[in-house]
Amino acid sequence: MVRFQNVQKSYDGETLVVKDLNLDIATGEFVTMLGPSGSGKTTTLMMLAGFEPATHGEIYLNGNPINNVPPHKRGIGMVFQNYALFPHMSVAENLAFPLAVRGQSKSEQEDRVKKVLEMVELPEFGGRRPAQLSGGQQQRVAVARALVFEPDLVLMDEPLGALDKQLREQMQYEIKHIHESLGVTVVYVTHDQSEALTMSDRVAVFEDGIIQQLSSPEELYERPENSFVAQFIGENNKLRGTVLEVGRDKLATVKLDSGDMVKALAVGVGAKGERTLLSVRPERVAIEPKKTRNTVTLTGKVEELIYLGDHIRTRMSVAGHTDFIVKVPNNAEHHELSEGQTTTVGWQAEDCRALDDMAA
Amino acid sequence: MTDVTASGVPEAITTSDGVPLKVSLARATRRQRMQALLLVLPLLLFLLVAFVLPIGEMLFRSVYSPIGPNVLPNFSKVIHEWDGEDLPPEAVFEVFVKDMTEAKKSNEIGKTVGNLATRVNYEIPGSRGLFTKSARKVKNITEGPYKEALIALDKRWENQHIWRTLQRISSNYTASFYLAATDRKYNEDNEIVRADPLYQIYLPILGKTLWLSALITFICLLIAYPVSYLLATLPLRTSNLLMIMVLLPFWTSLLVRTTAWIAMLQTEGIVNNILVFTRVISEESRIQMIYNQTGTIVAMVHILLPFMILPLYSVMKTIPPYYMRAARSLGATGTYSFIKVYFPQTIPGIAAGTLLVFILAIGYYITPALVGGSDGLLISNLIADHIKKTLNWSLGSALGAILLAIVLIFYWIYNKLVGVDNLKFG
């Protein structure tokens, strides 16, 4: 459906905002571009919408190159961050705008507007001005307007950024639901990882103008390919060290800076002597674990306990790192810990990923 | 929480010691209100002295003309009894002759025969001589019949028109300056008629003032719109530079700017020289661009342009670029998006700018006086003439009051169409 081929973008001719982007999006897919601000995700979206020309490379829509197609001829629906509802028009006029542009008759327009208002559950709001609607209602109208002319592809640029948390979560499901029922292709931009993980078929993590990883939400969380993704998605514990050897079972032996020797799954490292960043999710770490073949154990000192109801967030110093987090489930057999206590922590070697060390 | 009495009417809320809440609140904020009043007091006084009083004075002067009663006090009391048929009775003539004799002795400003002659001359051009001449000789008439004696002095005293005019101006208040300002007068039968075409000057000039102001406003809008758009959309560095270019003339003296246009547009000026040099026109056919309407229009557009740009800019600045993007993404061409989405949102700015420029333009004085010649003069130049040269302040005031009324009418229309709350001046 959409294909970016070697796309590069620079605003000032000195730095690249998007570096060699290659991305294929299938019809009906929900792809999210996720990344911190300034990572190039919005620029990529603007190039796809046609508001920014690509400096190099080609973008294809349904197999046709669209670099020289102006935005209004691309037939792509777009939902803007601030909704961009025209303030001088009523909701119905806003929704009829793309239909009027396409020369549809008044009665046709009315039909479609009515239908789409029902879809977003605002059937009574056609006569109001956007300023008379709440944020969530404006959001729905903006989505409806992007869909009313039945585009195959809809772009959404941080559409939920201005809503409060509860409404945001509700709208996530609604957008997801609309996507599934209409079968449109959605390209979604956000900096909120939980939004990306909840809604998407695939997530492209942007950083520094490069897609760091493009995979399903589950893959992204469970198997980050580099240290940026590991740190950006969810919480994780970092341990720095040097690779001593990489075994045939893809398990690397790493000597931590504290002197401890641990095994970890080699992902972003190959050669002996390379610096590495070990990443292990807090929920995979156990206190006083049962020993099995690949269990890694280290001693840790409890620094801080935060009671969170369903689990106890425990900050420990492990191997010289004082920000090692363990989530101790608040279940019947959990270990009672107290601050200052020394205990052992451990995890399965496969759950700990030896990644590139960005800081090195 | 309010207590409701048996009758169902809520009782007035009181503070805990029983003082009604409103009284208590007023007492608590009195000090603040007094302080606020003190702060604006100088401005209020200034406005009163420099704005409200002069305008009131102007409006008053445009209808108040006490010369008749001042110069001919007794005559003004009796002339009302005359029914306007034939000539006034002998008794009135007697009072007139005596008043004239008295007036001749007076040299108090506003009470001389000269003043009266001027006043009547406004009504009947060319009648001045009759009064000055008769005033010199009237003291010789010591006994009746006064009517015959006066007519013997000058045949024109037989003319009913003179007496009707005298009767009209014997009141302290008159509408005749408004009539004059709208090119109307009383004819010999005391009816209001249009002045002779030769003397019709104010309405044509007023019409020309309105038309030129509208034209200048429109040209300003045409020029200012794209400039404001650039100002609002260019990157900060470039737009700052552009803003300085807009404001720089604004900081220059009005006279300097106007005379600069004289240097540019005169027949031996820069524009003509360039046209001759590039052989667009020949040496003999240099274009007259100044001391006429063209000069007035060019210079005034230039001078009033910032008043159009600034409100437009301030409105455009608040229109985020994503509206246009949204329109384009919905399938509209650039032009269509502009007309349907961008332009309607700039209307408050257009309204403010046009109102401001138009009101400034219809009262503009210096520029048309300097570069307008005789063809590019506006109503304000006539007003100034009456205040400074002909010293007919009352007519000047009447013209000024009409101008004020026009401004208020336009303001009212704008308020109806756009709503003053929507005006944005920046």
Side-chain angles (χ1 to χ4, degrees), chain A residues 11-12 42 45-52 69-90 93-104 109 129-131 138 141-151 153-159 162 187, chain B residues 221 225 228-230 232-241 311-354 414-424:
Chain A
Y11 286 106
D12 53 6
T42 300
L45 196 74
M46 289 302 161
M47 286 193 286
L48 181 52
F51 298 129
E52 293 290 348
V69 178
H72 64 275
K73 289 193 178 149
R74 296 192 180 190
I76 300 175
M78 182 145 181
V79 181
F80 290 80
Q81 196 168 3
N82 312 67
Y83 320 136
L85 296 175
F86 307 137
H88 58 290
M89 297 183 190
S90 71
E93 285 166 339
N94 261 287
L95 293 174
F97 185 88
L99 306 176
V101 168
R102 286 169 175 74
Q104 292 196 0
Q109 290 179 25
R129 290 289 166 111
Q138 289 185 34
V141 176
V143 171
R145 192 178 63 175
L147 291 168
V148 70
F149 61 101
E150 294 176 353
L153 174 63
V154 176
L155 313 182
M156 301 192 183
D157 182 12
E158 307 214 16
V187 178
Chain B
L221 180 62
Y225 203 92
S228 315
Y229 180 78
L230 281 181
T233 50
L234 281 180
L236 200 62
R237 267 186 57 178
T238 337
S239 69
N240 274 346
L241 188 72
L312 270 179
Y313 164 72
S314 81
V315 168
M316 287 179 177
K317 194 77 187 161
T318 63
I319 303 174
Y322 52 67
Y323 286 128
M324 283 291 275
R325 288 189 160 180
R328 308 241 15 222
S329 83
L330 293 170
T333 60
T335 326
Y336 189 87
S337 317
F338 174 81
I339 295 170
K340 288 283 181 179
V341 174
Y342 194 81
F343 182 76
Q345 296 188 61
T346 61
I347 284 177
I350 295 176
T354 46
Y414 258 91
N415 193 17
K416 285 280 157 203
L417 290 181
V418 191
V420 172
D421 302 342
N422 282 335
L423 293 186
K424 287 195 179 153

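Keep in mind it's a predicted model, so treat the numbers as computed, not measured. Lettering of chains follows the sequences in order, A, B, ..., and the numbering in each one begins at 1.
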Completion exercise
In terms of heavy-atom contacts, B/Ala326 and A/Phe86 come closest through CB-CE2, 4.1 Å
Problem - Interface moiety of A/Leu155 toward chain B, non-hydrogen atoms closer than 4.5 Å - result: neither
Problem - ring-ring contact (aromatic ring centres under 6.0 Å, His included) partners of A/Phe51, counting only residues at least two apart - result: none
Practice task
Identify which of A/Val101, A/Val148, A/Leu85 forms the greatest number of heavy-atom pairs closer than 4.5 Å to chain B.
Solution key: A/Val101
Problem - Atom group of A/Phe149 that falls short of 4.5 Å from chain B, counting heavy atoms - result: side chain
Could you list each donor and acceptor atom pair linking chain B to chain A at less than 3.5 Å?
{"from": "B/Arg328", "atom 1": "NH2", "to": "A/His72", "atom 2": "ND1", "distance (Å)": "2.8"}
{"from": "B/Leu330", "atom 1": "O", "to": "A/Arg102", "atom 2": "NH1", "distance (Å)": "2.6"}
{"from": "B/Lys340", "atom 1": "O", "to": "A/His88", "atom 2": "NE2", "distance (Å)": "2.8"}

Problem - Pairing residues for B/Ser228 by the side chain to side chain donor-acceptor pair (under 3.5 Å) criterion, not counting sequence neighbours - result: none
Fill in the blank from the handout: Most heavy-atom pairs under 4.5 Å with chain B, out of A/Pro70, A/Pro151, A/Ala100, A/Pro87, belong to A/Pro87
